[in-house]
Visitor: 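A single structure is presented below for examination.
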Number of protein chains: 2
Amino acid sequence: MQAALANVSVSVSPSEKYREYLATKGLRLTRERSIIVEEVFAYHEHFDAEQLISRLAQKTDGRRVSRSTIYRSLSQLEEASLIRKVARQEDRDVYEHDYGYPQHDHLICRKCGSLTEFQASIISKALEEIASKHGFRMDGHRLEVTGLCDACCRPPESRPQKLNLL
Amino acid sequence: MQAALANVSVSVSPSEKYREYLATKGLRLTRERSIIVEEVFAYHEHFDAEQLISRLAQKTDGRRVSRSTIYRSLSQLEEASLIRKVARQEDRDVYEHDYGYPQHDHLICRKCGSLTEFQASIISKALEEIASKHGFRMDGHRLEVTGLCDACCRPPESRPQKLNLL
DNA sequence: CTTGGTGCAAAATCTTTGCATAATC
DNA sequence: GATTATGCAAAGATTTTGCACCAAG
């Protein structure tokens, strides 16, 4: 009678978790919502609303979902802690899986825009101490480290052309 | 011959720094830009574009500046590392002073929205190590710790009504 | 007189919303 | 049958841009 209590404990599927969340609000896991949550969790890549829309709003089979519904669902998925915003790129919120995935942070390259994940328990621990010192009840954090990634650092011959500044 | 090399070393005023930045681009510190940088550094509060605009676009004296110019200037001030984005609230980017102010991070209350600053060198140090491990050339970071602030934590009589999720 | 700058209004983006229709309990 | 959901198009909101006129070197 021991549940896996590692960093990640996934007892139910994302869809199921979504259903549970919806239930608490008296809402239903409809076909569209189901399609969305499945698509979102089909890949572990970071994504934004537009990418999801382009994948779902253009389906020819019966799995097409409208733009509005996708936006509405993304808000719910975030509320339900299934996904979370990690950054903002090109004026769009970038999401990632929050459910079933360990806490981590990101190195964001200012040049090529690449997102590199890393884990550092020392940071979480430090934050817990800091929060408690301020009487702050922490429930999460978002840490974006900006700079130049390994590839973009190397000026030599393979100098990246794409400098989308800022 | 020793410059103040503490966390903060301000040898020139924000305006002067702005002027220097502009010079490197062959641009000038105009009267409007001057007004903007002075207004921005007049208070050390966090602010967003709209707040700045409401303060500057409604002046009756000769210190009015247009919306466009303010947006254009904010981009430059950010580029020049005079200000930086700290968060996003109500769909707006929130800025704070970056120049002449020590590195710090924020505790953001999900309930009342309050921003509390804190400093933790341990985090910067940890990040430097992590970055170097990834061959990443860090030039800054943004850390938002979310949760409930001291005031909003206290359930006693003023029990928060809003109990969301999970 | 040539380049840079401002202001206005229109445009561009991303996101939300009103409403009619459709599905579900 | 009442409530919830979807899709569309229109509306909202913030930020950007084209353009004419002004300013500075």
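Lettering of chains follows the sequences in order, A, B, ..., and the numbering in each one begins at 1.
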Visitor: Using heavy atoms to find the nearest nucleotide of DNA chain C for B:I70 and B:G26 separately, return the residue whose nucleotide is more 5′.
Guide: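 Mapping each residue to its closest nucleotide by heavy atoms, the 5'-most match is B:G26.
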
Visitor: Considering only NZ, NE, NH1 and NH2 on the basic side and carboxylate oxygens on the acidic side, decide whether A:K17 and A:E20 come within less than 4.0 Å.
Guide: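 Salt bridge absent between A:K17 and A:E20.
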
Visitor: Starting from P on C:dC14, measure out to NZ on A:K85 and report it in whole angstrom.
Guide: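 It is 15 Å, rounded to the nearest whole Å.
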
Visitor: Take atom CZ of A:R19 and atom P of D:dT4, then tell me their distance rounded to the nearest Å.
Guide: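 From A:R19 CZ to D:dT4 P: 18 Å.
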
Visitor: Just by distance, with hydrogens left out, do A:E144 and A:H106 show a side-chain donor and acceptor under 3.5 Å apart?
Guide: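 A:E144 vs A:H106: no donor-acceptor pair found between side chains.
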
Visitor: If only side-chain N and O atoms count, and only distance matters, is there a donor-acceptor pair under 3.5 Å linking B:D105 with B:H141?
Guide: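 Checked: B:H141/B:D105 side chains pair up, N/O donor to acceptor below 3.5 Å.
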
Visitor: Just the rounded figure in Å: distance from C1' of D:dT6 to CG of A:L56.
Guide: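 Those two atoms, CG and C1', are 14 Å apart.
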
Visitor: Across nucleotides 11-18 of chain D, 5' to 3', mark each nucleotide with B, S or - according to how protein heavy atoms within less than 4.0 Å reach it.
Guide: ---SBBBB

Visitor: Give me the residues of residues 27-35 of chain A where at least one heavy atom lies under 4.0 Å from an atom of DNA chain D, by number, or none.
Guide: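 When residues 27-35 of chain A is checked for heavy atoms under 4.0 Å from DNA chain D, the hits, listed by number, are A:L27, A:R28, A:T30, A:E32, A:R33.
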
Visitor: Indicate the atoms forming the closest heavy-atom contact of B:R84 with B:H104, along with that distance.
Guide: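 So the minimum-distance heavy-atom pair works out to NH2-O, 3.2 Å.
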
Visitor: With a 3.5 Å cut-off and no angle check, do the side chains of B:Y18 and B:Q76 form a donor-acceptor pair?
Guide: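 On atom types as modelled, these side chains qualify, holding a pair under 3.5 Å.
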
Visitor: Could you please spell out the steps behind the salt bridge (Lys or Arg N to Asp or Glu O under 4.0 Å) verdict for B:E16 and B:R19?
Guide: CA-CA 5 Å; B:E16 188 51 35; B:R19 181 201 302 284; 3.2 Å; yes

Visitor: State, without any angle test, whether A:S124 and A:S121 hold a side-chain donor-acceptor pair at a distance under 3.5 Å.
Guide: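 Per modelled atom types, A:S124 and A:S121 side chains form no pair under 3.5 Å.
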
Visitor: Drop me the distance from A:D150's CG to A:T116's OG1, to the nearest 0.5 angstrom.
Guide: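 Answer for the CG-OG1 pair, A:D150 versus A:T116, is 9.0 Å.
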
Visitor: Between D:dT6 atom C1' and A:R63 atom CZ, what is the distance in whole Å?
Guide: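 That distance rounds to 16 Å.
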
Visitor: Within this structure, what is the CG-to-P distance between B:L22 and D:dA24, rounded to whole angstrom?
Guide: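 For the pair B:L22 CG and D:dA24 P, the rounded distance is 15 Å.
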
Visitor: Using a distance-only test with no angle check, is there a side-chain donor-acceptor pair under 3.5 angstrom linking A:Q51 and A:Y95?
Guide: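 Distance-only check fails for A:Q51 and A:Y95.
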
Visitor: Whole angstrom is fine here: how far is it from CD1 in A:I53 over to C1' in D:dT6?
Guide: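 It works out to 14 Å between those atoms.
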
Visitor: Counting only side-chain nitrogens and oxygens, does B:S66 get under 4.0 Å of the OP1 or OP2 atom of C:dT6?
Guide: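 The answer is no; no side-chain N or O of B:S66 sits under 4.0 Å from OP1 or OP2.
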
